[in-house]
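Working notes, beginning with the structure itself.
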Amino acid sequence: MYRYKTKGTCSQYIDVELDGNVVKEVKFYGGCDGNLQAIPKLVEGMTIDEVEKRISGISCNGRGTSCGDQLAKALRAAYEAE
């Protein structure tokens with residue numbers, strides 16, 4: 001399990017587990033509970049590239065990032081740390 005400290009979002013941390021380049025598990029800490037339960041269910045089983053293509057760069061309320069964008073960053077960081 002890899003823990004990523006988010007930047008610029010309501011969520012504080014994201015724990016991710018990968019199986020190679022495939023998302024196995026995602027857990028957010030803090031933030032909008034409903035959305036942060038939904039996002040993991042949508043991305044688990046996808047490759048990191050697929051997740052990045054779909055949600056990287058999404059901005060929340062003009063912050064320049066979002067929980068989805070931070071997840072894409074967390075997945076890439078976890079993959080590179082392996």
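Side chains are part of it too, since the values below use all heavy atoms of this structure and drop only hydrogens, waters and symmetry mates.
Cluster membership for Ile58 and Val51, using ILVMFWY side-chain heavy atoms within less than 4.5 angstrom, is shared. Under a hydrophobic clustering in which Ile, Leu, Val, Met, Phe, Trp and Tyr are joined whenever their side-chain heavy atoms come within less than 4.5 Å, directly or via other members, Tyr2 and Tyr13 fall into different clusters.
Residues meeting the side chain to side chain contact (heavy atoms under 4.5 Å, CB included) test with Thr65, sequence neighbours left out: Thr9, Asp69, Gln70.
Listed by first and then second residue, the side chain to side chain donor-acceptor pair (under 3.5 Å) pairs involving residues 17-31 are Asp15-Tyr29 (not counting sequence neighbours).
The environment of Lys41 atom NZ is sparse: at most 12 non-hydrogen atoms of other residues, nucleotides or ligands sit within 6.0 angstrom. Counting non-hydrogen atoms of neighbouring residues, nucleotides and ligands closer than 6.0 angstrom, the OH atom of Tyr79 reaches no more than 12 such neighbours.
Ionic pairing of Arg76 and Asp49 is present here: one or more N-O contacts between side-chain nitrogen and carboxylate oxygen are shorter than 4.0 angstrom.
Panel note: side chain Ser11, backbone Phe28; no donor-acceptor pair is recorded below 3.5 Å.
Atom CD in Gln37 sits 12.0 Å away from atom CG in Leu42 (nearest 0.5 Å). The CD1 atom of Ile55 sits 6.0 Å away from atom CD1 of Ile39, with the distance rounded to the nearest 0.5 Å. Residue Cys67 holds its SG atom at 8.0 Å from CG of Asn35, rounded to the nearest 0.5 Å. Here CD1 of Ile14 is found 7.5 Å from CG of Leu75. Values are rounded to the nearest 0.5 Å. Going from atom CZ of Arg54 over to atom CD of Glu52 covers 13.0 Å, rounded to the nearest 0.5 Å.
You'll find the side chain of Tyr4 stays beyond 4.5 Å of the side chain of Val16, heavy atoms only.
Here the shortest heavy-atom pairing between Leu18 and Glu82 reads CB-OE2, 3.8 Å.
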